[in-house]
Amino acid sequence: MVKPGPQGGDPKPRVAILISGRGSNMVALIKAAKVDGFPAEIAVVISNRTDAAGLALAAAEGIQTVTIESKSFGKDRAAFETVLQSALQKHRIGLICLAGFMRLFTAEFVQAWYGKMLNIHPSLLPSFPGLDPHAQALNAGVKVSGATVHFVTPETDAGPIVMQGVVEVRDDDTPETLSTRILSIEHQIYPNALRLLASGKLRLDGAICRVSGDADSAGTLIAPRPTSG
Ligand code: GAR
């Protein structure tokens with residue numbers, strides 16, 4: 001059994017948020033971490049693209065930003081990660097949150113951060129990993145979908161599941177309308193998942209993530225809603 005993240009009594013872990021684009025999950029994490037009593041500190045936002053809109057949003061929130069343009073490294077993932085790792089060390093980072101970070105890591109990098117790196121994906125994993133998860137969900141005709149926060153493993157959009165949030169899928173949904181509804185769930189679950197990790201409440205039991213204490217949930221969601229008669 002592996003206990004990820006910090007142990008009780010340690011100072012607040014310093015978090016790096018890695019982005020490639022819009023940065024709405026990044027903003028949700030930054031805002032949550034500014035509230036008194038949040039058990040982690042957002043220390044830096046790192047983008048692998050100079051044109052990521054999230055960079056300006058992070059700066060507006062007073063968070064330091066770093067850009068490491070991955071394009072210039074081509075397929076040399078390890079060389080990119082060497083630069084990334086030194087930025088993480090420089091900022092004394094203990095936890096990583098991937099928030100729309102669209103670059104794959106080597107197995108070595110993932111292994112080094114196992115139990116300390118979270119990702120969010122807009123589907124109920126293990127369903128619909130990879131690209132276009134909203135279109136994948138609509139094409140499969142599922143009646144509920146949602147978002148998943150998980151520990152990162154070498155496989156894309158896989159790894160022990162920390163938290164999931166569910167939305168109904170409507171008959172008239174398009175990938176855009178479904179994505180808007182799921183995004184609002186993402187903004188709720190990601191800060192909460194980070195809170196659990198940073199406060200030492202998660203433990204990894206093989207491929208399963210367990211939460212210590214009472215795991216509360218709102219109950220059940222049935223969609224479409226059953227009608228009588
Ligand atoms: C989010 O919907 C996130 O779940 C998704 O990218 C979007 C980034 O938006 N991530 C993945 O699909 C990972 N496979 P944001 O930049 O506004 O947070």
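The structure displayed is predicted, hence computed values, not measured ones. All ligand and atom numbering here is 1-based and tracks the order in the structure.
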Identify the protein heavy atom lying closest to atom 8 (C) of ligand 1, giving its residue, its atom name and the separation to 0.1 Å. G100 CA, 3.6 Å
Please state which option from E186, H134, M102 has its nearest heavy atom closest to atom 1 (C) of ligand 1. E186
Pairs in or reaching into residues 74-100: which pass salt bridge (Lys or Arg N to Asp or Glu O under 4.0 Å), with residues at least two apart or in two chains? none
Using the rule that two of Ile, Leu, Val, Met, Phe, Trp, Tyr join whenever any of their side-chain heavy atoms come within less than 4.5 Å, decide whether L95 and L204 are in one cluster. yes
Nearest protein heavy atom to atom 5 (C) of ligand 1, by residue and atom, and its distance? P122 CD, 3.8 Å
Which pairs would a plain distance check flag for residues 51-61, meaning a side-chain donor or acceptor within less than 3.5 Å of a matching protein atom at least two apart in sequence or in another chain?
{"residue": "D51", "atom": "OD1", "partner": "R49", "partner atom": "NE", "Å": "2.9"}
{"residue": "D51", "atom": "OD1", "partner": "R49", "partner atom": "NH2", "Å": "3.4"}
{"residue": "D51", "atom": "OD2", "partner": "R49", "partner atom": "NH2", "Å": "2.9"}
{"residue": "E61", "atom": "OE1", "partner": "K34", "partner atom": "NZ", "Å": "2.7"}
{"residue": "E61", "atom": "OE2", "partner": "K31", "partner atom": "NZ", "Å": "2.9"}

Determine, for F38 and R195, whether the Lys NZ or Arg CZ falls below 6.0 Å from the six-membered ring centre while staying within 45 degrees of the axis. no
May I have the step-by-step check of salt bridge (Lys or Arg N to Asp or Glu O under 4.0 Å) for E41 and K12, ending in yes or no? CA-CA 6 Å; E41 178 189 345; K12 275 189 186 188; over 6 Å; no
Element-labelled atoms of ligand 1 that are located less than 4.0 Å from some non-hydrogen atom of I120: 3 (C), 4 (O), 10 (N), 11 (C), 13 (C)
Distance-only N or O hit between ligand 1 and G23, under 3.5 Å: yes
Determine whether the side chain, the backbone, both or neither of D157 has a heavy atom under 4.0 Å from any heavy atom of ligand 1. side chain
Is it true that I19 lies under 4.0 Å from ligand 1, counting heavy atoms only? no
Report yes if the side chains of T174 and T177 come closer than 4.5 Å at any heavy-atom pair, otherwise no. yes
Among L194, L125, I120, side-chain contact (heavy atoms from CB on, under 4.5 Å) partner for V149: I120
Looking only at protein heavy atoms, what sits closest to atom 15 (P) of ligand 1 is S24 N, 3.4 Å
What protein heavy atom sits nearest atom 7 (C) of ligand 1, and how far off is it? R22 NH2, 4.1 Å
